[in-house]
Amino acid sequence: MLKLDNINVYYGSIHALKGISIEVNQGEIVTLIGANGAGKTSILKSISGLIAPKSGEITFEGKTITGVPAQSIVKMGICHVPEGRRIFANMSVFENLELGAFLVNDKAVVKQRLEHVFQRFPRLAERKNQNAGTLSGGEQQMLAMGRALMGQPKILLLDEPSMGLAPILVQEIFEIIKEINEAGTTILVVEQNAHQALSIAQKAYVLETGKIVLSGTAEEVASSEDVKKAYLGG
Amino acid sequence: MEILIQQLINGIALGSIYALIALGYTMVYGIIQLINFAHGDIYMVGAFVAFFLISIFHLPFFAALIIAMLACSLLGVIIERVAYKPLRNQNRLTALITAIGVSFFLEYTMMYFVKPDPRAFPASFKLHNITIGNVVISSKDILILIISFTLMLILTYIVNRTKTGKSMRAVSFDKDAAQLMGIDVNKTISATFAIGSSLAAAAGVLVGMYYGQIDPLMGIMPGLKAFIAAVIGGIGIIPGAAFGGLILGVTEALVSGAGYSMLRDAVAFVVLILILIIKPTGILGKNIREKV
Ligand SMILES: Nc1ncnc2c1ncn2[C@@H]1O[C@H](COP(=O)(O)OP(=O)(O)O)[C@@H](O)[C@H]1O
Ligand SMILES: [Mg+2]
């Protein structure tokens, strides 16, 4: 469904991604784990068109999307929940969700998706008219995810959804990610929290300083000694 | 007392002109963090477009106003595309200097074509004065108030209710996040320039009508004042610009009314300095926005 082939990304003279190739199949949860600065965010940004790789090709459902502007990539069904949520803190919860369906002109469709999102995140429904900036961290993550779901993605890109959340909330967020996947959305989730990510994913890639150093099924990766040492605390 | 009310009305009329110009300053600053020093010259171009439409083509005032607004919105979009867009990822000083360059370009191109001398803006309709007690309100004041408040209401509607407005707010807040919603940042920036420039053009036409005189450098002082108004209200904050414009207009009118009209321009700067000391982010300004 989504394929990255030998992607290279530079920030000035920094070679951030060095020939990344990954593949995500329809219906899967795939996780990309790696330490801070490994290049996880850069991979997601390349996919969603926020940055342009210097070389390599990204294909989605057989079509090349490298160099396609971000707003057109959303239209194809790739929604990206960025690192740090990046909700519109100057707007209400409702307005944030509405923006998630920016490309939909049919009001009835927007309403239907809104109900859907409120069903999945009842706490957002309660806080509908609240300013998004006043939400707690966990609620902001839910809003960011709900906002992406308003675009009814075929594939959802999640950048460190557990960042800065209390363990109980992390649990809840990963539960929701699993549910979203079960409802038919393919998921690529980037995490430093390898344990949680590996527990819900089918496939995993391990990233170190811009290179994939290990890949395989989630079990294989989880049982690798190196990964255990570096990411699973033992 | 009558004099005070009289001055207050003049001040509100003048203030709503500042407000119209300040809105464009603040919207552009909000979206690309550029202080568009050419904005006052768009106001001047608007006045000249209407001047030619009325005096040569004998168009009625309102038609000239609307065409001048449309022409300037196009001009604003072109200026952004040609002069500012290529510099979007450069440092801010580069863009600021370019804006000053664009300002000179507009002023002296206009001067080349129309000569530097002031032109008489044609009186396009009969004046009536309304007298209430001893207060005389000219129909010009009323027209300025009606048109500028109508435009501000339309702007409020656009910003809060339409897709264009929502994308403007989203892009101002976070460009990357806005793009991830499917918002076209370039189009949104163009729309911002179009709307801001059309408001400046309206202000120019209204001032031409009000004072009956226009010239190619007429945009410099009001542009500066409107910039001050935008800062007073909180740069980047739309209601702040309207508010700042009105405060500045009324203050100036009261100072003139008290017999110190020579100090009128100085007062604007005094108000600016006071605001910057008391509340550097402007009256409606929040504390520095934190980005996560
Ligand atoms: N905008 C940027 N400018 C310069 N360097 C950057 C930028 N964004 C990321 N980098 C660098 O690229 C590398 C990968 O960053 P990133 O993709 O954010 O990693 P991760 O998400 O895994 O923490 C890091 O070394 C980081 O410092
Ligand atoms: Mg990251």
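Fair warning: this is a prediction, and the values are worked out from it, not measured in the lab.
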Should we say atom NZ of B/Lys163 is surrounded by more than 12 heavy atoms from elsewhere, each under 6.0 Å from it? yes
Which residues, numbered in order, of residues 40-50 of chain A come under 4.5 angstrom of chain B by heavy-atom distance? A/Ser48, A/Leu50
Going through the distances and angles, do A/Arg147 and B/Leu180 end up as a side chain to side chain contact (heavy atoms under 4.5 Å, CB included)? CA-CA 10 Å; A/Arg147 185 179 67 177; B/Leu180 293 178; over 6 Å; no
Determine which residues belonging to residues 69-79 of chain A lie within contact range of chain B, meaning some heavy atom pair is under 4.5 Å apart, and list them by number or answer 'none'. A/Ala70, A/Gln71, A/Val74
If one checks every heavy atom of A/Ala144 against chain B at 4.5 Å, the contacting part turns out to be neither
Residue-level interface, residues 127-138 of chain A with chain B, non-hydrogen cut-off under 4.5 Å: none
Heavy atoms under 4.5 Å from chain A: which residues of residues 221-245 of chain B carry them? none
For atom NZ of A/Lys18, decide whether the heavy atoms of other residues, nucleotides or ligands shown that lie under 6.0 angstrom number more than 12. yes
Looking only at heavy atoms, what is the nearest atom pair of A/Leu99 and B/Met181, with distance? O-CB, 3.4 Å
Nearest non-hydrogen partners of A/Ile87 and B/Phe173, listed with the distance: O-CE2, 3.5 Å
Least distance between heavy atoms, A/Met91 atom then B/Lys166 atom: CE-O, 4.2 Å
Count the heavy atoms belonging to other residues, nucleotides or ligands that lie under 6.0 Å from CG of B/Leu153, then report whether that count exceeds 12. yes
Can you tell me if NE2 on A/His15 sees more than 12 non-hydrogen neighbours from other groups inside 6.0 Å? yes
Of the non-hydrogen atoms in B/Ala170 and A/Phe88, which two are nearest, and what is the gap between them? O-CE2, 3.5 Å
Rounded to the nearest 0.5 Å, how far apart are CZ of A/Phe102 and CG of B/Asp184? 8.5 Å
